[in-house]
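These notes concern the structure reproduced below.
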Amino acid sequence: ILNVEQSPQSLHVQEGDSTNFTCSFPSSNFYALHWYRWETAKSPEALFVMTLNGDEKKKGRISATLNTKEGYSYLYIKGSQPEDSATYLCAFDTGNQFYFGTGTSLTVIP
Amino acid sequence: GAGVSQSPSNKVTEKGKDVELRCDPISGHTALYWYRQRLGQGLEFLIYFQGNSAPDKSGLPSDRFSAERTGESVSTLTIQRTQQEDSAVYLCASSLAGGHGELFFGEGSRLTVL
């Protein structure tokens with residue numbers, strides 16, 4: 001079983017604040033790193049799939065970076081809004097299997 | 001269909017009963033995954049199908065758990081003689097090819113074993 005860790009476990013921020021969280025993963029058997037957003041009572045939705053060391057992806061106010069050599073990825077949210085409240089999951093993709101972290105639960109306070 | 005569909009969305013059962021959970025993946029998606037999330041824990045891998053074959057069953061927690069997939073489409077996860085520790089949200093996901101693209105998840109089946 002591969003160890004994928006996310007921190008912090010939970011986070012409360014004020015509306016308008018920027019925030020970031022971390023996903024740590026093994027540096028071997030890497031194929032891709034995925035980020036998913038899981039809102040309450042909905043299904044997880046993909047945010048980013050990153051494959052190359054140094055990759056940076058952006059979607060609106062959310063962006064992510066990838067360092068495969070040291071085994072971490074950061075997810076950034078700029079100017080958090082209440083609708084950003086969700087659990088953010090990262091998944092380490094070996095090419096035929098996905099290993100999920102336990103997620104970071106984000107609450108944005110209006 | 002437009003998305004991954006799971007049924008039932010909620011199931012309450014008594015300890016010792018058998019349950020079946022169903023997953024309809026997105027049409028054309030060859031890879032199908034079952035995960036579960038128990039209260040306070042992360043997503044736990046159960047089983048993975050490529051087509052109708054299951055190359056990785058390593059996550060099935062005991063021989064009470066089984067799964068099958070037919071027609072490279074619908075999958076059924078069966079839990080026999082349910083125990084209270086089986087209570088969880090069971091999520092199904094599909095992708096175009098195993099481990100090569102994003103996962104598309106269903107909304108899950110919440111199982112409560114009394």
Side-chain angles (χ1 to χ4, degrees), chain A residues 1-10 21-26 28-52 55 57 59 62 64 66 73 75 86-106, chain B residues 1-10 21 23-26 29-51 53-61 88-110:
Chain A
I1 296 176
L2 296 175
N3 197 29
V4 179
E5 295 185 352
Q6 290 187 247
S7 62
Q9 187 174 3
S10 67
F21 15 98
T22 307
C23 173
S24 301
F25 51 86
S28 60
N29 295 316
F30 178 87
Y31 184 83
L33 193 284
H34 300 231
W35 281 99
Y36 292 84
R37 175 167 58 200
W38 192 0
E39 295 179 68
T40 304
K42 295 185 179 180
S43 49
E45 289 184 338
L47 288 171
F48 306 112
V49 180
M50 296 185 287
T51 57
L52 298 176
D55 245 358
K57 299 249 177 166
K59 186 183 289 188
I62 304 177
L66 178 67
S73 174
L75 188 80
T87 296
Y88 291 82
L89 295 168
C90 69
F92 177 74
D93 178 355
T94 63
N96 56 25
Q97 186 48 282
F98 297 85
Y99 297 89
F100 282 85
T102 52
T104 293
S105 174
L106 174 68
Chain B
V4 178
S5 176
Q6 291 188 246
S7 61
S9 54
N10 267 292
L21 306 177
C23 174
D24 269 291
I26 292 172
H29 280 195
T30 57
L32 185 148
Y33 300 79
W34 283 99
Y35 292 88
R36 75 175 177 183
Q37 186 181 42
R38 291 188 282 187
L39 193 63
Q41 299 185 21
L43 278 178
E44 178 186 356
F45 167 75
L46 298 177
I47 189 168
Y48 152 58
F49 288 92
Q50 182 59 41
S53 301
D56 191 347
K57 302 179 183 179
S58 62
L60 293 177
V89 175
Y90 289 81
L91 280 172
C92 174
S94 68
S95 70
L96 275 172
H100 285 64
E102 68 183 80
L103 293 173
F104 292 82
F105 284 88
E107 293 191 353
S109 292
R110 180 177 296 279

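Letters go in sequence order (proteins before strands), and every chain restarts at 1.
At a 4.5 Å heavy-atom cutoff, the contact between Q37(B) and chain A is made by side-chain atoms alone. For chain B, the nearby part of Y36(A) is the side chain; its heavy atoms alone come within less than 4.5 Å. Proximity to chain A (any heavy atom under 4.5 Å) is shown, for F104(B), by neither the backbone nor the side chain.
Between the CH2 atom of W34(B) and the CG atom of L43(B) there is a distance of 13.5 Å, given to the nearest 0.5 Å.
For the pair K59(A) (side chain) and F48(A) (backbone), a donor-acceptor distance under 3.5 Å is absent. Using a distance-only test at 3.5 Å, with no hydrogens or angles considered, a donor-acceptor pair links the side chain of Q6(B) to the main chain of C92(B).
The candidate from A91(A), A46(A), A41(A), P44(A) with the greatest count of non-hydrogen atom pairs under 4.5 Å with chain B is P44(A).
Neither side chain, Q41(B) nor T102(A), offers a donor N or O lying under 3.5 Å from an acceptor on the other.
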